Amino acid sequence: MMWRRLLALVHKEFLALLKDPRSRTVLIVPPLMQLLVFGYAASFDLKDVPFAVYDEDGGAAARELVAHFAGAPAFRLVATLRDEQALRPLLDTRRALLVLRLGPRFGADLAAGQGARVQVIIDGRNSNTALLALNYVRGIVQRYNEDWLAARGRAGPPAHLATRAWFNPNLESRWFFVPGIIGMLTLVTAMLVTALSVAREREQGTFDQLLVTPLRPSEILLGKAIPGLLIGLAQASVVLLLATSWFRVPFLGGLGAFYLGLTLFLLSGVGVGLLISAMAATQQQGLLGAFLFMVPAVILSGFATPIANMPEAVQALTWLDPLRYFLVVLRKLFLEGADLALLLPQLWPMALIALGTLTLAAWLFRHRMY
Amino acid sequence: MRLGALVRKEFLQIVRDPSSIAIAFLMPLFLLALFGYGVSLDAERVPLALVAEAPSTDSAEFFAALGGSPSFAPRTMDSMVAAERALLQGEVDGIVRLRADFARASRDANGAPVQVLVNGIDTNTARLVQGYIEGAWSAWLAARAARDGGALAVPVDIAPRIWFNGELRSRNYLVPGLVAIIMTLIGALLTALVMAREWERGTMEALLVTPTSMSEVLLGKLAAYFVLGTGGMLLSVALAVWWFEVPLRGSFWVLWAAASLFLLAALGMGLTISTLARSQFVAGQVAILATFLPAFLLSGFMFDIGSMPPVVQALTHLVVARYFVAIVQTLFLAGDVWAVILPNAAALAAMAALFLGLTWRKSRKRLE
């Protein structure tokens, strides 16, 4: 009996979501497009950084250093300056991100064995890009130095660094971000399906009707949660397929662990969404609540900026963020191939958040009346 | 006169359901406080494991160079096994290992290899750690060369000079960007549901039978939410300047003008969503999809647009926040650079005209 009631409710929820063609499109098309677009956009690898050269020396050594830069795929030479006045407008207008300035004594210093200096003037408006570009510059100058020493048969430095990166040998930014995007899109879907659903019924008065049916609050809760869970599962499966086949991010973990993590994450996301929805009197309030949860949840999840860099108090706040745990699960599954035992510390907090929010939402169904 | 009454009606609606006021004022306060503190790309005190297989004065000297930098919190470990376990569990972000023959090999012609291991799962942190270690390494080389009497180890050396943001404080660039992101959310959220709400509740039909024209209805909504949005914008700028102490090098009035244009575009986007969706539910869904993530990922706030593939770069032109991010970052850190401000402001004006025009065309006095 209970199952039939529940099934009918789930059926009705699906109809409410998918009957409107606009709503249907919104649920299906954007996640796939967003993975494609964001997968390409989200990267800390720099390409074609526009740079200019102000070479006061003009000797062979200086020209060779510039050639090292112009030949690198990360850099693109946009201007060669003749005087200092041209430097400021170039950086001000963002036509160049950095200017290499070689002083008039560059070649002479180098030949005299005193060590030459190249000035790198860089636009710090986007400090992250500036730092990354500076690291690229360091790498190229280092290679130039090695070439220079080798060509003259001199002894190299007494020690050199041999760096190796685990799990992502070429440190490809995309391998880090694409799994993160899967988590983000899943969260957005959970919000799309649930955050406005109770609020809409409240606003239209149909929720009161639902409450006077024989359905218990727990059944209403299940009826509202199951569509979100199913749509989220289906969508994440497609997105996972796209991530591995299109973006070629290696997926080393087990599918069982993936779906367990995904289900727990979806339950916690759906729980938060229903909680917001149950608290909201109007859809406007539901939408506000969805954003007030979603935006911090993404920013504080460690998606782009490491949690370890946050102040202690904010770090404590991230313990409440289900996305934080799911991102670790995803990254460990994709790149490390972690097994369930390693993921356990991430799984139980999500289960706890799901339990807490879903229970509270069910309680609010009856206890918050207008 | 009629317009005045419509604006009054909108204001009454705003006051009766305080969620709009919360969107305009609470959201910037909450989000800026959270992000201003929460988002930082500057790694400080990166935990690092140091393993010297045969400790010597040479290895101690090398480690001292790493320990002297505020970027690291180094821990000496006895064995590679322990260090690798710490790296796997995320207790350290990198390992620096000196082999047993480090002291001898460092006097060889080839030099001694210093093995550096980083965990590549978080590529960005891995890169930063790598960069910091390279910095410490070259400092060590320079010190050693100076001590040994000028044996030239580094032919060309880099002297970075960073303009506009001398200490590369990431907050200085993130906070202005955040103002742009938050204003996108505010603008779209305020208006995303308002037209749909009138249709859904049937009050639009009531408005249709009055002598007011559709343009007046739209103008009334725009005026009311524009005032509210401007309040939110002023609050955000005040927080950025006085609370987070981001320098505002450009003129405040230029910022005001650009923000007003941007607000028109953002409100216009919300109105367009609202008009096309006709139901609050769908409008809300579209607002969730179309505002936050595109503004966050495609505006140049977080990721460099120039490094994206051409197709994606073209798509970023559809993101209103992109233009405003460019303007605010320049206005805050560089000053009134008209070559940046004018084209972006023109783009904002075009976007505003597009969205408002679309709304106006699609919401003629007609019943379906």
Side-chain angles (χ1 to χ4, degrees), chain A residues 22-23 26 30 37-38 40-42 44 46-47 92-93 113 115-117 119-122 124-129 134-135 141 145 148 155-168 171 173 176 192 196 200 283-285 287-288 296 299-300 304-306 309-311 314 331 335, chain B residues 19 23 34-35 37-41 43 106 109 111-121 123-127 130-131 137 141 152-153 155-165 168 170 173 193 280-282 284-285 288-289 297-298 302-304 307-309 312 329 333 337 339-340:
Chain A
R22 276 174 286 211
S23 179
V26 161
V37 174
F38 297 159
Y40 281 114
F44 282 141
L46 298 183
K47 241 175 43 196
D92 271 352
T93 58
R117 180 155 277 220
Q119 200 176 46
V120 182
I121 303 151
I122 190 159
R125 262 172 280 184
N126 186 332
S127 60
N128 191 45
T129 308
L134 216 55
N135 276 346
V141 170
N145 283 341
W148 194 86
H160 50 88
L161 301 177
T163 306
R164 207 152 53 87
W166 278 357
F167 309 120
N168 185 357
L171 287 181
S173 213
F176 174 66
L192 281 183
L196 300 180
R200 169 163 70 171
Q283 294 181 66
Q284 173 93 17
Q285 291 174 5
L287 190 63
L288 170 69
I299 305 261
L300 299 181
T305 59
N309 291 1
M310 298 169 190
V314 180
R331 284 172 182 154
L335 302 177
Chain B
S19 62
I23 289 175
L34 202 57
F35 299 159
Y37 290 113
V39 179
S40 162
L41 292 157
S106 70
V114 176
Q115 198 185 4
V116 177
L117 267 178
V118 289
N119 189 335
I121 288 195
T123 39
N124 201 37
T125 304
R127 282 247 179 78
Q130 208 183 323
W137 168 74
L141 284 184
L152 175 63
V156 176
D157 175 32
I158 304 165
R161 264 185 49 198
I162 292 131
W163 278 11
F164 310 126
N165 184 6
L168 280 178
S170 63
Y173 106 89
L193 300 188
Q280 289 189 75
F281 191 66
V282 177
Q285 289 184 326
I288 291 176
L289 277 172
L297 298 171
L298 301 178
M302 199 93 232
F303 302 107
D304 181 44
S307 297
M308 297 173 191
V312 178
Q329 283 187 349
L333 296 177
V337 182
V340 175

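Any value given below was found using the heavy atoms of this structure, including those in side chains, with hydrogens, waters and symmetry copies removed. Every chain is numbered from 1 and lettered A, B, ... according to where its sequence line falls, protein lines coming before strand lines. Bear in mind the structure is a predicted one, so any value in this text is a computation, not a measurement.
Looking only at heavy-atom pairs under 4.5 Å with chain B, the residue among A:I122, A:N168, A:V37 that has the most is A:I122. When each of A:D92, A:T129, A:L335 is scored by its heavy-atom pairs under 4.5 Å with chain B, the top score falls to A:D92. When each of B:L333, B:L298, B:L289 is checked for heavy-atom pairs under 4.5 Å with chain A, B:L289 comes out on top.
With a 4.5 angstrom heavy-atom cutoff, B:I288 touches chain A via backbone and side-chain atoms both. Only the side chain of B:Q130 comes within less than 4.5 Å of a heavy atom of chain A; its backbone N, CA, C and O stay farther away. For a residue to count as touching a neighbouring chain, one of its non-hydrogen atoms must lie under 4.5 Å from one of that chain's; by this rule A:P30 touches chain B with the side chain only. Heavy atoms closer than 4.5 Å to chain B are found in the side chain of A:R200, but not in its backbone.
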Inset, instruction - Check step by step if side chain to side chain contact (heavy atoms under 4.5 Å, CB included) holds for A:M310 and A:L300. - result: CA-CA 9 Å; A:M310 298 169 190; A:L300 299 181; 4.0 Å; yes
Inset, instruction - Please step through side chain to side chain contact (heavy atoms under 4.5 Å, CB included) for the pair A:F38 and B:V312, ending with a clear verdict. - result: CA-CA 9 Å; A:F38 297 159; B:V312 178; over 6 Å; no
Legend entry - Candidate pair A:T305 and B:M302, rule side chain to side chain contact (heavy atoms under 4.5 Å, CB included), full reasoning: CA-CA 10 Å; A:T305 59; B:M302 199 93 232; 3.8 Å; yes
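Closest approach of A:F167 and B:I121 over heavy atoms only: CD1-CG1, 3.8 Å. Annotation for A:P306 and B:T125: closest pair CG-OG1, 3.6 Å, computed over non-hydrogen atoms.
With rounding to the nearest 0.5 angstrom, the CD atom of A:Q285 is 11.5 Å from the CG atom of A:L196.
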